[in-house]
Amino acid sequence: MIVKTTGPPDSKIFFLGEAPGEIEEQTGLPFQNMHGAGKTFNLILSQNGINRRDVRIRNVAMRRPTANNMSHFFYDSKCTVPKPELVMWIEQLRMELEESRPNVVVAMGAYALWALTGMKKISEARGYVVESTLVPGLKVIPTYHPQAINYEWKLFPVTVFDVRKAVYHSNSPDIPKDKTQYVAPAAFEMFMDYMDNILKARKRFAFDIEAHIGTAYPYLLGIADSAHFGMSFYNMKNNSSTMNTRQEAQLWQKLGELGRHCEVIMHNASYDKAVMWYHHGVLFENVWMDTLIAMHVIFPEFPRDLGFVGSIMLDVQPWKNLSKVDAAVYNVLDAIRTFAIAEPLEKELIKQKMEKTFNFEMSMLDPAIMMQLTGVKVDNERRLQLLDENAEQTRAVKLELDSQFKREINFNSSKQMQQLLYYELGLEPQFKRRKSVEQTRVMTTDAKAMKKLARKYPNHPWLTKILDYKKLLKLNGFLSAEPSPEGRYHTSYNITGSATENEGRKSFGRWSSSESIILTYGPGNLQNVPPIARKTYRADDGKIFVQADMRQAEAVIVAHLIGDTRLQHFFKMAFTASAEEQAKYDVHKLTASLMFEVDYDLITPEMRRVGKTLRHACSYSAGPEVVANALGIEISEAKILLNLYHKANPLLKVWYQIIQNELRTTRTLTTPLGRKHRFLDIWGDKLFRSAYSYLPQSTIGDFLNESMRILYDRFCEAGLEIVMQLHDALYVQCDNNQEAISDTMTKMAECMVRPITIGFEEFIIGVDFKVGTHWGDMDDKDILEIEEVEE
DNA sequence: GATTTTACGTA
DNA sequence: CGTACGTAAAATCT
């Protein structure tokens, strides 16, 4: 059946889909299936106050393709040569649009965009106003297809934004004129004059660099002093300077003055500011706004790249495609767009009342840059020795496994592992957990599955041997990283969290750590270095690490979030108790005592272990399988333990309900420290569990970072060296003597032991200290001990 | 050669 | 039906 256009012909907004689905084919109406794309489509409209009866809707194709696959309408698999039927429909579409002349067409999906503009990639134009080539002069705003949103729900709010933009554009047929002007690239004198004018007027400007991969040495500098004008300048071409020595000195001198006297806007200042300081000694002292940070604070669940921000904040043509065509133009447009988004971002920050969190994140730029550029010293002798030992052990285990299987097997290959375990040896196949029952089961040979198999087949001891072997291989990766010529490892601390576009795009406010692209030495992420590899990280000569981590941070926060006054009291007593009395305040023993209704003093180590596991698991709403795996017991036993835990801690489930109710209206949670997050997953358990973990995780991360900033502000100028950050722990290095250690611990305690307020309750999280010359080899140190030394 | 999937290290 | 993060190697796509 043919599915025709619906809606009033004089509608100023026109929605174009790709092809009808099954239900649409039956009803003859586009986007009519109320359980699939149609439902999502309606939801997008209703979020923008639109009624579908008031808008024109059609698909490019008017008949359902075989297997719902658009390639059916093309001769080739790459979908470049359309068959006559599709050509005819596109011609019909052209006539229809010529006749009704809507002010804007929303192109939903890649084929709709292709039919209207010839463009193929939705990601390159999504959210931007582009002109149709099919009907010249007609405005097109591309966005995702509703069915794509059904597959990836995180796309939903972005699409709502795009349609909102289309609604705005439906008021007029005019294509917005781009007033942008630039000089790219500018000659040396012109660029210097431009900077001079900005300097004299003390103007605010946006700054952006392009730099060589590997060295991060900048070759192109872009400056914009308004939302419509900027210049870029090549300081390097073909690996050599474009200037003579005198000019070069003048350039960096002038930029340095700008950095001192003018406010600057950057997108990802962590990088640009660090590079300019590191390579040219140019210090931008007044970063007025890092637009990446602003974006992170306002929309932590959205992508943050400049192209995306531009698409939702500005009315300009897409420019990211220029990066490979004309670097100078691309660079200056980046600077101009950065300037342009700052104003709407500032408005949004005020509107959402998020200035405090924004200023807080901005204030962490300097500590983060400092830590990246300083790095940590590597004990290379120790590293090589550990590497040798590791290689030795790896060889031994490999030999055993080889003789077991009589052939080479790549144990890192999931395919070969499945072949071996499930087909050749006929072990019971293990499957990954599915997101929903409809999904097909995927086989796995991951560590969890292997452990389960090892329990099931105790006569196959090689199962655990494979795990040992893989562990050694993994460790080898950490130990293999070469230190810098100065003998150091570096990492980039990312204030705005995840850089990778993971599913759901979570960012809970904790810092992430990744490979430094300025100083590319070390295993990259420093926050997942295993204990053995930590032995290679050492304090500088004559120095020692002081580690301070927040004691039981997560458990304390959860106790206050759920309003467990008994536990709150217990933690309070633990905090004030003397060193000898600490044994009386073991939260895991308390948990076990409540679960098993046994006297606190009679709790065995085994019972304590169960208590610890259960508290941890239940804080995040884990299920019986996880508990069973963690304790190495049967699922039925785990279920009993879970019941016991919830009976002893009834408030937890009450809190789960409260969180769900809070999410229901706006899907947004606000932490006790004022950070907001909107949860965009499909409504259900996965979303809930993510939300349960958000509040404690984010609060601890923010609290520790607050402490770090206070420490940095108060003591770093006077020589205190912060070296590492690990979510709930801080590492500082100081002179290796009692007095310096004691002084450092006192300073850290002063900054870290501060009251937190949740609800009406104010409380304090204690700090545990450890001291050592090597990260992997730290000894407990009680601050009371130190005070005694001082006395 | 580029992108996606699988697995795994830490908090 | 713990979650958050980044990276290496294998698998898969083009």
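Both backbone and side-chain heavy atoms feed into the values below; hydrogens, waters and symmetry mates do not. Note on naming: letters A, B, ... go to the chains in the order of the sequence lines (proteins, then strands), and numbering restarts at 1 for each one.
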Asks: Any ion pair linking A:Glu662 and A:Lys676 (charged N to carboxylate O, less than 4.0 Å)?
Replies: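 Judged by the 4.0 Å cut-off on N to carboxylate O distance, A:Lys676 and A:Glu662 do not form a salt bridge.
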
Asks: In terms of the nearest nucleotide of DNA chain C, which residue is placed more toward the 5' end: A:Gly524 or A:Arg510?
Replies: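 It is A:Arg510, whose closest nucleotide lies nearer the 5' terminus.
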
Asks: In whole angstrom, what separates A:Met443's CE from B:dT5's P?
Replies: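 Rounding to the nearest Å, CE of A:Met443 and P of B:dT5 are 19 Å apart.
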
Asks: Heavy atoms from C-beta onward define the side chain here; which of C:dG2, B:dA11, C:dC5 lies closest to that of A:His727?
Replies: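 Selected nucleotide: B:dA11.
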
Asks: Compare side-chain N and O positions of A:Thr445 against OP1 and OP2 of B:dA7 and report whether any pair is under 4.0 Å apart.
Replies: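 It does, given that an N or O in the side chain of A:Thr445 lies less than 4.0 Å from OP1 or OP2 of B:dA7.
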
Asks: Please determine if A:Arg675 and A:Glu361 form a salt bridge, counting it only when a charged side-chain N lies under 4.0 Å from a carboxylate O.
Replies: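 Yes.
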
Asks: Distance check needed: B:dA11 C1' versus A:Asp702 CG, whole Å only.
Replies: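 Going from A:Asp702 (CG) to B:dA11 (C1'), I get 15 Å.
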
Asks: Would you tell me if any nitrogen or oxygen in the side chain of A:Asn525 comes within less than 4.0 Å of OP1 or OP2 on B:dG9?
Replies: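 Negative; the distance criterion is not met.
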
Asks: Does A:Ser413 make a side-chain N or O approach to OP1 or OP2 of C:dA10 shorter than 4.0 Å?
Replies: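 No, no such contact exists.
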
Asks: In plain terms, say whether A:Arg608 and A:Asp586 are close enough for a salt bridge, that is, a side-chain N and a carboxylate O under 4.0 Å apart.
Replies: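 Yes, charged N to carboxylate O under 4.0 Å.
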
Asks: Figure out the CG/C1' separation between A:Leu473 and C:dA9, and round it to whole Å.
Replies: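 Result: 11 Å.
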
Asks: At 4.0 Å (heavy atoms only), tell me whether A:Lys474 reaches a base, stays on the sugar-phosphate, or touches nothing.
Replies: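 Base contact.
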
Asks: Can you tell me which nucleotide in B:dA7, C:dC1, B:dG9 comes closest to the side chain of A:Pro624?
Replies: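 Selected nucleotide (nearest to the side chain): C:dC1.
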
Asks: So what does A:Asp685 hit on the nucleic acid, given a heavy-atom distance under 4.0 Å: a base, only sugar-phosphate, or nothing?
Replies: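 Base, at least one base atom sits under 4.0 Å.
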
Asks: Take atom NZ of A:Lys432 and atom C1' of B:dT4, then tell me their distance rounded to the nearest Å.
Replies: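 Interatomic distance, NZ of A:Lys432 to C1' of B:dT4: 11 Å.
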
Asks: Classify A:Glu625 by what it touches in the nucleic acid, base, sugar-phosphate, or nothing, heavy-atom distance under 4.0 Å.
Replies: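 A:Glu625: no heavy atom of the nucleic acid under 4.0 Å.
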
Asks: Could you check whether A:Gly623 gets within reach of a base, just the sugar-phosphate, or nothing at all, counting any heavy atom under 4.0 Å?
Replies: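 It contacts sugar-phosphate atoms only.
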
Asks: It should be established whether A:Lys415 places a side-chain nitrogen or oxygen under 4.0 Å from OP1 or OP2 of nucleotide C:dT12.
Replies: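 Checking C:dT12 against A:Lys415, a side-chain N or O does come within under 4.0 Å of OP1 or OP2.
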
Asks: Could you tell me whether A:Ala617 contacts a base, only the sugar-phosphate backbone, or nothing, with contacts defined as non-hydrogen atoms closer than 4.0 Å?
Replies: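 Nothing: the residue A:Ala617, judged by heavy atoms under 4.0 Å, touches no strand.
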
Asks: Is there a side-chain polar atom (N or O) of A:Lys470 under 4.0 Å from OP1 or OP2 of B:dC8?
Replies: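 Affirmative; the distance criterion is met.
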
Asks: Given atom CG of A:Asn412 and atom C1' of B:dT5, what is their separation to the nearest angstrom?
Replies: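 These atoms are roughly 14 Å apart.
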
Asks: Round to a whole Å and report the spacing from CG of A:Leu472 to C1' of B:dA7.
Replies: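 Going from CG in A:Leu472 over to C1' in B:dA7 covers 16 Å.
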
Asks: Given that both distances must come in under 3.5 Å, which nucleotide forms a Watson-Crick or G-U wobble pair with C:dC1?
Replies: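 Pairing partner: none.
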
Asks: Below the 4.0 Å mark, does C:dT3 have OP1 or OP2 next to a side-chain nitrogen or oxygen of A:Arg689?
Replies: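 Indeed, a polar side-chain atom of A:Arg689 lies that close.
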
Asks: Could you please name the option among C:dG2, C:dT3, B:dG9 that lies closest to any side-chain atom of A:Ser690?
Replies: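 It is C:dT3.
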
Asks: With the side chain of A:Pro530 defined as its heavy atoms from C-beta on, choose the nearest nucleotide among B:dT6, B:dT10, C:dG6.
Replies: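 Side chain of A:Pro530 sits closest to B:dT10.
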
Asks: Using the side-chain heavy atoms of A:Ser693, tell me which of these nucleotides is nearest: C:dT3, B:dT10, C:dG6.
Replies: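 Nearest listed nucleotide: C:dT3.
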
Asks: Between A:Glu301 and A:Arg667, is there a side-chain N and carboxylate O pair less than 4.0 Å apart?
Replies: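 No, no charged N to carboxylate O under 4.0 Å.
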
Asks: On the nucleotide B:dT6, are OP1 or OP2 found under 4.0 Å from the side-chain N or O atoms that A:Thr444 carries?
Replies: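 For B:dT6, OP1/OP2 do not have a side-chain N/O of A:Thr444 under 4.0 Å.
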
Asks: Which part of the nucleic acid does A:Arg615 contact within heavy-atom distance under 4.0 Å: base, sugar-phosphate only, or nothing?
Replies: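 Counting heavy atoms under 4.0 Å across all strands, no contact is made by A:Arg615.
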
Asks: Think A:Arg534 has a side-chain N or O under 4.0 angstrom from the OP1 or OP2 of B:dA11?
Replies: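 Affirmative; the distance criterion is met.
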
Asks: Check the distance between C:dA4's P and A:Leu680's CG and give it to me in whole angstrom.
Replies: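 After rounding, the gap between these two atoms is 12 Å.
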
Asks: Of the candidate nucleotides C:dG2, B:dT6, B:dG9, which contains the atom at the shortest distance from the side chain of A:Val442?
Replies: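 Closest of the options to the side chain of A:Val442: B:dT6.
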
Asks: State whether A:Tyr489 and A:Arg383 meet the cation-pi test: NZ (Lys) or CZ (Arg) under 6.0 Å from the six-membered ring centroid, and within 45° of the perpendicular axis.
Replies: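 Judged by the rule, A:Arg383 and A:Tyr489 form no cation-pi pair.
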
Asks: Just how far, in rounded Å, is P of B:dG9 from CG of A:Asn390?
Replies: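 After rounding, the reported distance stands at 13 Å.
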
Asks: Which of the following nucleotides, B:dT6, C:dG2, C:dG6, is nearest to the side chain of A:Asn494?
Replies: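 Selected nucleotide (nearest to the side chain): C:dG6.
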
Asks: What do the steps show when you test A:Arg664 against A:Trp683 for side-chain contact (heavy atoms from CB on, under 4.5 Å), and what is the final call?
Replies: CA-CA 9 Å; A:Arg664 196 156 282 129; A:Trp683 189 256; 3.8 Å; yes

Asks: May I have the step-by-step check of side-chain contact (heavy atoms from CB on, under 4.5 Å) for A:Phe545 and A:Val376, ending in yes or no?
Replies: CA-CA 11 Å; A:Phe545 288 137; A:Val376 187; 3.8 Å; yes

